[in-house]
Chemist: 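What follows is a structure written as structure tokens; I'll ask about it next.
Throughout, residue positions are numbered sequentially from 1 according to the sequence presented. One-based numbering, in listed order, for ligands and for the atoms of each.
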Amino acid sequence: MSTATRVTSLSPSLIRAMSVGAPPEAIDLGLGVPGWALPEPARRALEECAAREEPLGYGPIGGIPELVSAIGDYHLLGDVTSVHPVHQCHVPGDVADQVMVTAGSQAALTALFLAHVSPGQRVLVPDPGFPAYSTLARLAGGVPVPYALGPRGDLDTQTFLALLEGDVGLAVINHPGNPTGGGASLEALAAVASACRAAGAVLVSDEVYRDVHLGPRPASLRDVSTSGVVVSSVSKGWAAPGLRVGWAVGDPALLEPARLVHNAMTTSAARPSQLAATALLRNSAEVLRQTRRELIQRWSIAQTGPVAVRPVAAPAGGFYAWIPVPEWAVGDTLGFCRRVRDEGHVIVVPGTAFGAAGEGFVRVSCGGDPRLLAQGLQRMAPFWEVP
Ligand SMILES: Cc1ncc(COP(=O)(O)O)c(C=O)c1O
């Protein structure tokens with residue numbers, strides 16, 4: 001397939017498409033964004049940046065050193081609290097080589113897929129899973145190969161390993177997962193990492209929801225392996241999706257070609273955003289505590305809301321409730337979600353937006369305004385009760 005054909009075969013994500021044509025009074029429980037204010041350290045950093053009477057340069061292609069250092073501390077040392085004065089920041093070469101700052105984790109994923117997937121190669125993607133994985137696999141000329149998840153959306157090693165055959169260029173895992181909230185055990189991560197290494201497949205571990213959790217902090221691929229690449233961003237845990245700052249951390253040999261792609265795509269992430277992201281990471285203790293408070297509040301609304309749309313289990317992380325549709329609607333989840341939107345005035349995302357295995361489920365985002373979440377769940381419930 002030519003590049004032009006690959007591009008024209010792309011279609012808008014169903015997550016966004018569900019809000020097109022929605023009644024104006026519809027409550028949006030579709031988009032997965034934190035609905036609380038940008039945390040104070042980021043606002044302060046943006047103000048300070050705007051107040052400086054000096055040129056606003058591009059900054060280094062690899063990201064500003066203070067952010068590279070903060071990401072290195074977070075992922076490589078697990079230390080998010082030590083503060084480096086900006087002007088004294090020195091990033092050791094080995095840390096800089098293992099960190100790539102990007103315009104959101106979306107750009108990290110794009111750069112990694114374009115750098116490591118050759119036309120015709122297989123790309124393992126979770127089903128249900130974040131739709132960008134299949135899109136990016138196709139954009140790179142690869143063939144997305146969906147793998148099933150465990151009963152609660154957890155990483156199921158057996159099904160994953162069974163598909164790791166033939167010419168697999170890249171495999172992506174996402175834990176806690178979008179849309180199911182499923183997690184991955186340390187054992188599963190270790191098994192998947194060593195199998196990908198043996199198979200010569202690049203393992204990408206998408207951990208954007210790692211710091212959005214109700215129970216214990218979910219594991220990272222970095223806890224068990226130095227192979228593969230972890231991607232994350234300030235969009236979810238640090239409540240700053242609009243900054244568009246993310247990163248990839250891992251094997252320098254895997255990052256090197258991806259850096260060239262990212263540079264060709266965007267030059268670098270926006271400099272004021274990188275300063276704000278640095279402030280967020282350096283104030284992680286306080287910022288992530290707030291995230292937990294906001295999440296607990298929203299999740300208790302979902303768990304005490306109408307029984308018909310109550311989530312069956314708390315997720316390992318993330319802000320999504322993954323709810324089965326009523327039996328009579330199975331087979332036409334999209335049609336059901338359109339009815340909920342057009343007649344009930346609530347936007348939810350049909351599970352099929354995340355792959356064939358999402359049929360029979362809807363994703364409800366609990367990240368937004370708590371009052372609207374409560375109201376949205378009340379509006380939705382009658383659709384689960386009557387055909
Ligand atoms: C699983 C997952 N990965 C990556 C992204 C991209 O996020 P961002 O580019 O804002 O970091 C999202 C966004 O919703 C997501 O759900």
Chemist: Please determine, by modelled atom types, if S365 and R298 share a side-chain donor-acceptor pair under 3.5 angstrom.
Modeler: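 Side-chain D/A pair, S365 to R298: absent.
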Chemist: Using side-chain contact (heavy atoms from CB on, under 4.5 Å) as the criterion, point out the one residue from V208, L38, V33 that pairs with P241.
Modeler: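 Of the listed options, the one satisfying the test is V33.
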Chemist: Note down each nitrogen or oxygen pair, ligand 1 side and protein side, whose separation is under 3.5 Å; give only atom names and the distance to 0.1 Å.
Modeler:
{"from": "ligand 1", "atom 1": "3 (N)", "to": "D206", "atom 2": "OD2", "distance (Å)": "2.6"}
{"from": "ligand 1", "atom 1": "7 (O)", "to": "S105", "atom 2": "OG", "distance (Å)": "3.3"}
{"from": "ligand 1", "atom 1": "9 (O)", "to": "S105", "atom 2": "N", "distance (Å)": "3.2"}
{"from": "ligand 1", "atom 1": "9 (O)", "to": "Q106", "atom 2": "N", "distance (Å)": "2.9"}
{"from": "ligand 1", "atom 1": "9 (O)", "to": "R244", "atom 2": "NH2", "distance (Å)": "2.8"}
{"from": "ligand 1", "atom 1": "10 (O)", "to": "S235", "atom 2": "OG", "distance (Å)": "2.6"}
{"from": "ligand 1", "atom 1": "10 (O)", "to": "R244", "atom 2": "NH1", "distance (Å)": "2.8"}
{"from": "ligand 1", "atom 1": "11 (O)", "to": "S105", "atom 2": "N", "distance (Å)": "2.9"}
{"from": "ligand 1", "atom 1": "11 (O)", "to": "S105", "atom 2": "OG", "distance (Å)": "2.6"}
{"from": "ligand 1", "atom 1": "11 (O)", "to": "S233", "atom 2": "OG", "distance (Å)": "2.7"}
{"from": "ligand 1", "atom 1": "11 (O)", "to": "S235", "atom 2": "OG", "distance (Å)": "3.4"}
{"from": "ligand 1", "atom 1": "14 (O)", "to": "K236", "atom 2": "NZ", "distance (Å)": "2.8"}
{"from": "ligand 1", "atom 1": "16 (O)", "to": "N178", "atom 2": "ND2", "distance (Å)": "2.8"}
{"from": "ligand 1", "atom 1": "16 (O)", "to": "Y209", "atom 2": "OH", "distance (Å)": "2.7"}

Chemist: Is the centre of the Y320 ring less than 6.0 Å from the centre of the Y209 ring?
Modeler: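 Between Y320 and Y209, the centre distance is under 6.0 Å.
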Chemist: Other than L149, which residues form its hydrophobic cluster under the rule that side-chain heavy atoms must be closer than 4.5 Å?
Modeler: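 For the cluster that includes L149, the remaining residues are L124, V145, Y147, L155, F160, L161, L163, L164, V168, I173, L186, L189, V192, L203, L221, V224, V230.
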Chemist: Under 3.5 Å, is there a donor on one side chain and an acceptor on the other for S232 and E207?
Modeler: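 On atom types as modelled, these side chains do not qualify, holding no pair under 3.5 Å.
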Chemist: Looking at A111 and V261, what are the two nearest heavy atoms and their distance?
Modeler: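 Shortest heavy-atom separation between A111 and V261 comes out as CA-CG1, 3.8 Å.
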